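Structure, as structure tokens:
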Amino acid sequence: MKIAGHPTLSYLPFFHRHRQTWPRCPSISPQPLSGLSSNTLTTSSLTKRVVGSLISINPKTAFQAYLETCVSLLKNFSNQGLAREGRILHAHLLKMGVSSNRYIAIKLLIMYLNCKKTLDVDRILKELGEFDIVAWNCMISAHIENGNLEGARRLFDEMPKRNEVSWTALIAGFMKFGRVDDSMWYFERNPFQNVVSWTAAISGFVQNGLNFDALKLFQEMLESGILPNEVTFTSLVRACTSLGDTGLGRSVFGLIVKTGFEHNISVCNSLITLHLRMGEVDLARMVFDQMEERDVVSWTASIDLYIKTGDLMEARRIFDEMPERNEVSWSMMIARYNQSGEAEEASKLFKRMVHNGFKPNISCLSSILSALASLEALLPGKSIHGHAIKVGIEKDVFIGSTLIDMYCKCGQTLDGRQAFDSISDRNLVSWNSMVAGYSLNGQLEEAKELFEQIPKRNIVSWNTIVAGYVQNEHCEHVLEVFNEMLLSGEIPNQSTFSSVLRACASLASIEKGRNLHGKIIKLGIQQDVFVGTALTDMYAKSGDIVSSKSVFNRMPEKNEISWAAMIQGLADNGFAEDSLILFEEMKRSARVAPTELVFLAVLFACAHCGLVDKGFQYFESMERIYGIKPRGRHYTCMVDMLARSGRLSEAEKFIEAMPFQPEANAWAALLSGCSIYKNEDMAERTARKLWELMEENSAGYILLSNIYASVGRWNDVSKVRKLMREKGLKKIGGCSWVEVRNQVHSFYCEDGCHTQSAEIYGILELLMSEMMVFQNLQS
DNA sequence: ATAGGGTTAG
């Protein structure tokens, strides 16, 4: 609401000093309970308006501003059900002689209605005259705003006379709450059919996702001789946007130009989004540039102009500099940060949004919950959950699905499941999130069971379960699930291949991997970063470093994970020097900075080249140049590096000087160095340290017993083994496997695991005897 | 009566 002759902000300090001269006003705005529940109408905005009315030279404007202030207050009281404050204001208005002003009277009516003061409602209705249709219509709107559709319908039936506004209010009201059939019942019986009622129905269809029906209704409207206006077109464009039909969008765009509505601000706003959704960034920019006037919606829509070109910084600049922001602008920016993987910034922006008095709605809350999920921030997530319960939206699909994600990413699958169960209208995202949540927390059985129950699976469901098998190291089953997926008719995408290739990498199953590579090329998705990275990794892990390099070199886009895979791959395959050369190349040319993972590969390469000093240089540069705090694994790498090169006392000093508790593997690396370089004293010390750390970790015991075994200390070996048995720790058996006719056959240390082991041993014996015969013949 | 914003898999 703009007031003519509104003073500039520089007048404000003056009035702050004289605020007490303003006649006592009933508690202007109730103090917000917390940042979240604050109302958008703040005390300062009211003061500004009152101040404006006082110093305005034009008395007519001042009076208007005064009325508007009262109306804002009434609205505020009405929304919060503050009947007492409302009564005080009513008395004030009576004294000022404006309570009979029709505009004010109607607002008073709505206030009493919302505060459920039926007696006052009846009194005002009588004062206005029972046949005041506007008053009745306002009451209907107020009921609809509160979601009380039956109340609205009752009033509609009771009212002595109805006009086109009454009918349209009901049509739009039912649409707003998803009751399309009820809405159409009134639409068909409406005696006042005009553009507005038709448009209400069309936009209602669009709001409820019935885009095609909206288009059909539009056609019917044209056939019945009613001409569309700018509002009709805005809704129509939105329908095209949701349908994603380029041809349809173009023809509607053509119709708009032909009928001369292309300069309307709302039409342009919807067109910007249409063009952006169709991938026509230039067209969208053209519409935006040619607009004569722009509003919050235009600016908000223009943020995506930069998001489409991948320029998040520029989008943020637009957001910061746009002339006005509302809750949708904030939500949009928060969502974009979250989608770009900048959850931290999203969360910062959310705090600022609440601080600035904006009320986050469902969309915004689900974005922020998603951001908190990736930050694994349980407490803030819980507080948002609490807020959602307080305002009664915890059963919403979007809120519920993001709550599942948030709780599960924080390791709380039970709470996640509770969120899943409480969603009133579950969709595929809810199901997929829950399946993902289970497999993320190692509950693969629960994940499988839930996956089976999904009513209608989509590509994400399949990818989730495939990824679940990979995460939980059931790689041998991944290919079975993948085949099942193919049989179900689902076409795999880059995400699927990324997981399945990871399984092949850990199985070192080169044949399967090559086969998948072929499928990838057939589907034309070999350009994808994730696919390229997974292929590079798979070939490297399977020992085919030539193919690995060739895939890597051909990747049109590389991220930090791609570089890490190649650097690690080279080091693993014994090309440590090449690995370090590649790392230097990455620092020179890549657009991405080295990460923890890359450094781990680099340190590993140094350890295997014996380049201790260079390793130290890299280690030291991690924090100094790149701001990456070395983790336990990096320290272990360094200990290994020193121990391998025989610099045992340095290794021991290094491990003692660590800022946090070392990994068990670090001690094990040192111990292994001790056994290679025969340092009995240090071995004894180190073994004791390892003992202390080895409380519940069977891997540590195994390391220790292996090291004892390697130096022939069999007494100690049996001591360790005995201790393990006492503690109930089971040795994880070694495993080996072969691939025969697309099926992986696994063999474990314990005999007889394979179903055909008897036959296999029979054949083995036969082969052995033949070999013996052959050997005897030769000698 | 309208336009701009939301959740899941790698």
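The sequence lines fix the lettering, A, B, ..., with proteins before strands; numbering per chain opens at 1. A quick note: this is a predicted structure, and the numbers were derived from the prediction, not measured. These values consider heavy atoms only, across backbone and side chains, with no hydrogens, waters or symmetry-generated copies.
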Spell out yes or no: do the side chain of S266(A) and the base of dT2(B) have one donor N/O and one acceptor N/O closer than 3.5 Å? yes
In terms of relative ring orientation, are H474(A) and Y469(A) parallel, tilted or perpendicular, with 30° and 60° separating the classes? perpendicular
Using a heavy-atom cut-off of under 4.0 Å over every strand shown, decide if Q207(A) touches base, sugar-phosphate, or nothing. sugar-phosphate
Does F497(A) have K519(A) sitting over its ring (NZ/CZ under 6.0 Å from centre, angle to axis within 45°)? no
Would you classify T464(A) as touching base, sugar-phosphate or nothing, given that sugar-phosphate means primed atoms plus P, OP1 and OP2, and contacts are heavy atoms under 4.0 Å? sugar-phosphate
If you count heavy atoms of other groups shown closer than 6.0 angstrom to CD of E473(A), is the number above 12? no
Without placing hydrogens or testing angles, list every side-chain donor-acceptor pair under 3.5 Å for residues 447-457 of chain A, not counting sequence neighbours.
from    : atom 1 : to      : atom 2 : distance (Å)
K448(A) : NZ     : E445(A) : OE2    : 3.3
R457(A) : NE     : F451(A) : O      : 3.2
R457(A) : NH2    : E452(A) : O      : 3.2

Look at all strands and tell whether R277(A) reaches a base, only sugar-phosphate, or nothing, counting heavy atoms closer than 4.0 Å. sugar-phosphate
What nucleotide, of dG10(B), dG6(B), dG4(B), holds the atom closest to the side chain of S499(A)? dG10(B)
For dG4(B) and R325(A) - does any side-chain N or O of the residue sit under 4.0 Å from the phosphate oxygens OP1/OP2? no
Hey, is the side chain of K409(A) poking within less than 4.0 Å of OP1 or OP2 on dA9(B), counting only N and O atoms? yes
Of the nucleotides dT8(B), dA3(B), dG10(B), which one has an atom closest to the side chain of S370(A)? dT8(B)
From the set dT8(B), dA3(B), dG10(B), return the single nucleotide nearest to any side-chain atom of S498(A). dG10(B)
Do the side chain of T234(A) and the base of dA3(B) come within less than 3.5 angstrom through a donor-acceptor pair of N or O atoms? no
dT8(B) C1' sits how many Å from N493(A) CG, rounded? 13 Å
Tell me which nucleotide among dG4(B), dG6(B), dT8(B) gets nearest to the side chain of D396(A). dG6(B)
Reckon D528(A) touches a base, only the sugar-phosphate, or nothing at all at heavy-atom distances under 4.0 Å? base
Can you check the Y469(A) OH to dA9(B) P distance for me, whole Å? 19 Å
What integer distance in Å separates E560(A):CD from dG10(B):P? 16 Å
Whole-Å distance between dT7(B) C1' and N338(A) CG? 9 Å
Side-chain contact check for Q339(A): nearest option of dG6(B), dT8(B), dG4(B) is dG6(B)
Checking dG10(B), dT7(B), dG4(B) against the side chain of S401(A) (C-beta onward), the nearest is dT7(B)
Would you kindly give the CZ-to-C1' distance between F350(A) and dT7(B), to the nearest whole Å? 15 Å
Heavy atoms, side chains only, cut-off 4.5 Å: are E345(A) and L312(A) in contact? no
Looking at Y306(A), is R285(A) sitting on its ring face, NZ or CZ under 6.0 Å from the six-membered ring centre and within 45 degrees of the normal? yes
Selected nucleotide, minimal atom distance to S433(A) side chain, candidates dG6(B), dT8(B), dA3(B): dT8(B)
Any Lys/Arg nitrogen of E446(A) or R417(A) sitting under 4.0 Å from an Asp/Glu carboxylate oxygen of the other? no
Find the distance E490(A):CD to dA9(B):C1' and express it as a whole number of Å. 12 Å
Does R294(A) have a side-chain nitrogen or oxygen under 4.0 Å from the phosphate oxygens OP1 or OP2 of dG4(B)? no
Answer with yes or no whether N229(A) presents, from its side chain, a donor or acceptor under 3.5 Å of a partner atom in the base of dA1(B). yes
Classify the nucleic acid contact of N458(A) as base, sugar-phosphate or nothing, counting any heavy atom under 4.0 Å across all strands shown. nothing
Need one value for K176(A): base, sugar-phosphate or nothing, where a base atom within 4.0 Å counts as base even if backbone is also close, heavy atoms only. nothing
A301(A) side chain: which of dG6(B), dT8(B), dG4(B) is closest? dG4(B)
Between atom CD in E327(A) and atom P in dG4(B), what is the gap in whole Å? 14 Å
Using a 4.0 Å heavy-atom cut-off across all strands, classify Q494(A) as base, sugar-phosphate, or nothing. base
Nearest-Å distance, CD1 (I393(A)) to P (dG6(B))? 16 Å
Regarding dG4(B), can its base be found pairing with the side chain of D295(A) as donor and acceptor, where the two atoms are less than 3.5 Å apart? no
